[in-house]
Amino acid sequence: MKRDGIQQSLWQQIPAFEIKNILPANTVFDVLIVGGGITGLSTALQLQKIGKKCLLAEAHVIGYGSTGGTTAHLNTLLDNYYNRLEKNFGEDSAQLVAQITRESIELIKSNIEEYQIDCDFVEQAGYLYAENEEQVKELEEIFEASNRAGLQVRWVTDIPVPFPFLKAMIVEGQASFHPTKYIYALAKAFEDAGGILLQQSRVVSVDDGEIIKATINEDIYSAYNLIYATHVPPGVNLLHFRCAPYRSYALALKLSNEDYPAAQVYDMQDPFHYFRTHITNEEKFLIVGGGDHKTGHEENTEACFKRLESYCRSHYDIKEVAYKWSSQYFEPTDGLPYIGQLPGNGENVFVATGFSGNGITLGVASSIILTGMIETGMSGEYAELFDPSRIKMVAGFNNFVKESADVLGQLIGKILPGEKLPSFSDLAHNEARVVKHDGHTLAIYKDNNGELHALNAACTHIKCNVAWNNAEQSWDCPCHGSRFSIDGEVLTAPARKDMEVIDLRKES
Ligand code: FES
């Protein structure tokens, strides 16, 4: 199956999902779900099971976005630790967060049992370890807060990875699985229950109202409710200023020995590293992740893989780097995701985003919350806690917004003087550059045959300039995370329109 970059994840090594269902004529659906990742499919299946008529539209193929590029950790211990959640939201709220993460893992387990899903699911403990005194201090706070939130934690004197440490804790009740095998089974169950699934179907416009009219490719579909399960929603919304896009890197390694950990392990560096073992089709892999940075803020993304690999080689005997891939997630300003009614839209338009690095667990949590809201028409305590309209101005908010905007100029190369565009003969094959020329900013890539691909560098969402991602050969927007191919095709929302192609012969 395909994903949104040139690198191959371990989870892509299966054929694309084949749709079996037939679209009924003139249907007004109860719910239109946009996005075929874990959030969209999990929500669609839950709603279809309680009797709602659902249509799910995916712009590419299911699993194309972050679900196909995750490392598939199912956690109750989240990236935004409980000491920070307690500080921002209070002890009761931290307990609610722990509770919904447990419910999410339980829902996955019950789906696996009900639909007999073969998806390499294993339950494991997680370890978090500190390597210096400052980290020890925070680890002690995390331990206490996690304990108060209801997690089963205890101190340990050993960790299952070969890195030196000062102090470590273990938390029970974590799990992992093969994410695309799992969502394929959800997609099949959704179709078997009467749901309608569309692939290669981009929602290009939406008219709000009691009955929502959505144009998907060139056809119009009607629904009473709409859910954006696309990370940040399209258009311009409050959430674009409360979520920042990040890239994360992963390797699937084969070791020369049997040093694979039978657990999930996390260090506390910034950005942190994480480790787990995955066995699929009788092959064993050490999956390592890390190297996260804000989208568009790293000039050489290929170097992120190199750094991650050399960090692993410093302590592991690596036989082979079997797969390497990167993916995108959205960091919320205050540490909690935004799940519920989309601000500035009708009461029948919903969103789920800002999952930080816990997209699988919180995507499933979203399906529980959104199904409850649509089924009952009411919000419960989860919906109040994760309300996308909440205002939580935590420390660092202003920098958060400013940093996203600041990147615009920083990766732009030379400003080209004169009237003529140069031939870019100094650009190597498979290299790219953003240049200014006579008031225009151009994104230029030279392919392996020496052919130039030129685009107007303005992202089609709200016109920030894109930056080159050499590891995935894509143009990435630092503002809200839209991504485009070398020929300007949209790979990742919120942009809905392809970038403008520039004919260099006319420009020169
Ligand atoms: Fe918003 Fe590019 S994603 S301007």
Side-chain angles (χ1 to χ4, degrees), residues 4-5 34-35 37 59-60 64-66 69 202-206 228-248 292-299 301 326-333 338 342-345 351-356 359 388 397 399-412 432-436 440-445 454-469 472-502:
D4 58 5
V34 187
H60 299 274
Y64 183 87
S66 300
R202 180 175 298 284
V203 175
V204 287
S205 68
V206 169
Y228 287 113
T230 53
H231 289 293
V232 288
V236 182
N237 192 276
L238 187 65
L239 295 184
H240 294 117
F241 302 97
R242 296 198 176 154
C243 289
Y246 276 72
R247 303 293 303 169
S248 187
D292 303 15
H293 60 78
K294 275 191 172 171
T295 299
H297 284 236
E298 171 66 53
E299 220 162 327
T301 51
S326 68
S327 191
Q328 186 155 284
Y329 65 88
F330 285 81
E331 195 67 52
T333 50
Y338 300 100
L342 177 61
N345 287 253
V351 70
T353 187
F355 297 153
S356 201
F397 176 78
N399 283 346
F400 181 92
V401 174
K402 186 169 171 289
E403 275 173 37
S404 289
D406 271 359
V407 78
L408 302 184
Q410 98 192 15
L411 296 180
I412 294 178
R433 186 179 297 158
V434 177
V435 294
K436 280 204 170 171
H440 302 290
T441 308
L442 305 178
I444 294 178
Y445 167 71
L455 302 167
N456 178 342
C459 167
T460 57
H461 178 223
I462 50 171
K463 307 279 182 229
C464 292
N465 283 338
V466 293
W468 179 239
N469 177 344
E472 296 289 0
Q473 293 195 353
S474 60
W475 292 105
D476 296 358
C477 181
C479 286
H480 316 109
S482 291
R483 298 180 55 243
F484 304 87
S485 73
I486 54 170
D487 291 316
E489 184 203 351
V490 177
L491 300 174
T492 308
R496 282 170 162 164
K497 268 180 65 186
D498 294 345
M499 288 169 73
E500 182 192 0
V501 176
I502 303 291

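Keep in mind that this is a model prediction, so the values were computed, not measured. Values reported hereafter were calculated over all heavy atoms of this structure, with side chains retained and with hydrogens, waters and symmetry mates removed. Counting convention: from 1, in listed order, for ligands and their atoms alike.
Angle SG(Cys477) to atom 2 (Fe) of ligand 1 to SG(Cys459), rounded to 10°: 110°.
The shortest heavy-atom contact between Ala443 and Ala457 is N-CB, 3.8 Å.
We find that Arg483 and Asp4 are joined by a salt bridge, their nearest charged nitrogen and carboxylate oxygen being less than 4.0 Å apart.
Applying the 4.0 Å criterion to heavy atoms of Ser482 picks out, from ligand 1, the atoms 3 (S). The Cys464 neighbourhood of ligand 1 comprises atoms 4 (S), with distances under 4.0 Å to a heavy atom of that residue.
Note that CG of Leu455 and CD of Glu500 are 9.0 Å apart. Values are rounded to the nearest 0.5 Å.
Listed for the Asn237 side chain is a donor-acceptor partner under 3.5 Å among the backbone atoms of Pro343.
Ring geometry, His480 versus His461: the interplanar angle exceeds 60°, so the pair is classed perpendicular (tilted spans 30 to 60°).
Residue-level check: among N/O/S atoms of His480, ND1 sits closest to atom 1 (Fe) of ligand 1.
In summary, His461 places no N/O/S atom under 2.8 Å from atom 2 (Fe) of ligand 1, failing the contact criterion.
Protein heavy atom at the shortest distance from atom 4 (S) of ligand 1 is Ile462 N, 3.3 Å.
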